[in-house]
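So that the names make sense, note that chain A is the first sequence line, chain B the second, and so on, each numbered from 1. Remember, it's a predicted structure, so these values are computed and weren't measured experimentally.
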There are 2 protein chains.
Amino acid sequence: MISQTAEYALRAMVYLAQEPDRPHTNQQIARITRVPMGYLAKVLQSLSKAGLITSRRGLGGGFTLAKPAEEITVYEVVQAVDPIPRITSCPLKLKAHREKLCPLHQRLDNAWELVEQSFRSTTLSDIIAEAGEDGVLCEE
Amino acid sequence: MISQTAEYALRAMVYLAQEPDRPHTNQQIARITRVPMGYLAKVLQSLSKAGLITSRRGLGGGFTLAKPAEEITVYEVVQAVDPIPRITSCPLKLKAHREKLCPLHQRLDNAWELVEQSFRSTTLSDIIAEAGEDGVLCEE
DNA sequence: AGCAAACTGGATAAAAATATCTTATTATCC
DNA sequence: GGATAATAAGATATTTTTATCCAGTTTGCT
């Protein structure tokens, strides 16, 4: 339902949210979240361009949340790497459906709306808070 | 959110549901629903194997709903071609999460559950009824 | 019987998503 | 300033999804 890429992005963000004070390197994040390192680099780029994280090069550098975990929603993360494809116009390009979607696509889009709402109302800190002491992604 | 394949399957099923009394050929369905003919054939095979439609070969043959439109849900159609990947075990394969998903994956799965419920509670006849006279997919 | 319509199944091709690798650029520390 | 750690970016490879094509089989019709 969401892409592998979005799953990776969420893992990385949750991890960063757990220790937001110091930068974490691509390598660290990859190891903990078990995401292929080379690919994670791309995902982190996307998140960076979307303004959700900041990066610092050089020794001691890495990635850090760009704003507090309370202010970052699951929705923002997913949107940054692999947006939810809301249905705004008829996929069959029927003229008759330009104004109003047919019941089929209307109902599909309603389902996506549910997901979107769910994602919008969940912040990274919600997730961390729920985890308690263990940490969300087992840090071995 | 759902695959192209699932979208095609739904279009085909809605079309069949609109005229359930006579068989419709792959070619007919493809033209109306604007699905590539060769690919539609595969999709129809899947739907047939799932028991949602029946097929008849030879002249005058084609595909027909296997049961009344009132008894076929969107969920069944999607499941037949491209199941919703509910999260039942930790995607990171962490031992600590075998019993209980971490909050991240728990919340993702909750969203899928919403979608699943929405799909389960919608039948093909619901969709057709909502369309009124026009027909769901413009029959040109 | 013979022909044409229609599904069936397998092989193949094209496109998109996912993943890897390599080279550059930037920053820090000594 | 040089060595090293780290991101940035582009090229390439692999896998999955989507799509096409073709030969085979069944069915109905005359």
Treating primed atoms plus P, OP1 and OP2 as sugar-phosphate and everything else as base, which nucleotides of nucleotides 25-30 of chain C get B, S or - for protein heavy atoms under 4.0 Å? BBBB--
Each nucleotide of nucleotides 11-19 of chain D classed B (base within 4.0 Å of a protein heavy atom), S (only sugar-phosphate) or -, in 5' to 3' order, makes B------BB
Start with the C-alpha distance between A:Thr54 and A:Phe63, add both sets of side-chain angles, then the distance that settles side chain to side chain contact (heavy atoms under 4.5 Å, CB included), and finish with yes or no. CA-CA 6 Å; A:Thr54 57; A:Phe63 298 90; over 6 Å; no
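Straight-line distance from the CD atom of B:Gln27 to the C1' atom of C:dC7: 13 Å, rounded to whole Å. When the P atom of C:dT8 is taken as reference, atom CG of B:Leu44 falls 9 Å away, rounded to whole Å. Following rounding to the nearest Å, B:Asn26 (CG) and D:dT20 (P) show an atom-to-atom distance of 12 Å. Note: NE2 (A:His24) to C1' (D:dA6) measures 15 Å, nearest angstrom. Atoms CD (A:Glu7) and P (C:dA19) sit 11 Å apart, rounded to a whole Å. As rounded to whole Å, 12 Å separates atom C1' of D:dA6 from atom CD1 of A:Ile29.
Between D:dA6 and A:Ser55, no contact under 4.0 Å exists linking OP1 or OP2 to a side-chain N or O. Side-chain N/O atoms of B:Gln45 include one lying less than 4.0 angstrom from OP1 or OP2 on C:dG9.
For A:Asp82, there are no salt bridge (charged side-chain N to carboxylate O under 4.0 Å, His left out) partners two or more places apart in sequence or in a different chain. Remark: B:Lys67 engages B:Glu76 in a salt bridge (charged side-chain N to carboxylate O under 4.0 Å, His left out) (not counting sequence neighbours). Listed by chain and residue number, nothing satisfies the salt bridge (charged side-chain N to carboxylate O under 4.0 Å, His left out) test with B:Arg57 (two or more places apart in sequence, or in another chain). For A:Arg56, there are no salt bridge (charged side-chain N to carboxylate O under 4.0 Å, His left out) partners at least two apart in sequence or on another chain. Considering only residues two or more places apart in sequence or on other chains, B:Ala80 meets the side chain to side chain contact (heavy atoms under 4.5 Å, CB included) condition with B:Leu47, B:Ala50, B:Leu52.
Within the structure, ring-ring contact (aromatic ring centres under 6.0 Å, His included) pairs that include any residue of residues 17-38 of chain B comprise B:Tyr15-B:His24 (at least two apart or interchain). Residue pairs meeting the side-chain hydrogen bond (donor to acceptor under 3.5 Å, both in side chains) criterion with at least one partner in residues 106-119 of chain B, sequence neighbours excluded, are A:Thr122-B:Arg107, A:Glu130-B:Arg107, B:Arg86-B:Asp109, B:Arg86-B:Glu116, B:Gln106-B:Asn110, B:Glu116-B:Arg120.
Put simply, the side chain of B:Ser48 never gets that close to the backbone of B:Leu44: no donor and acceptor are under 3.5 Å apart.
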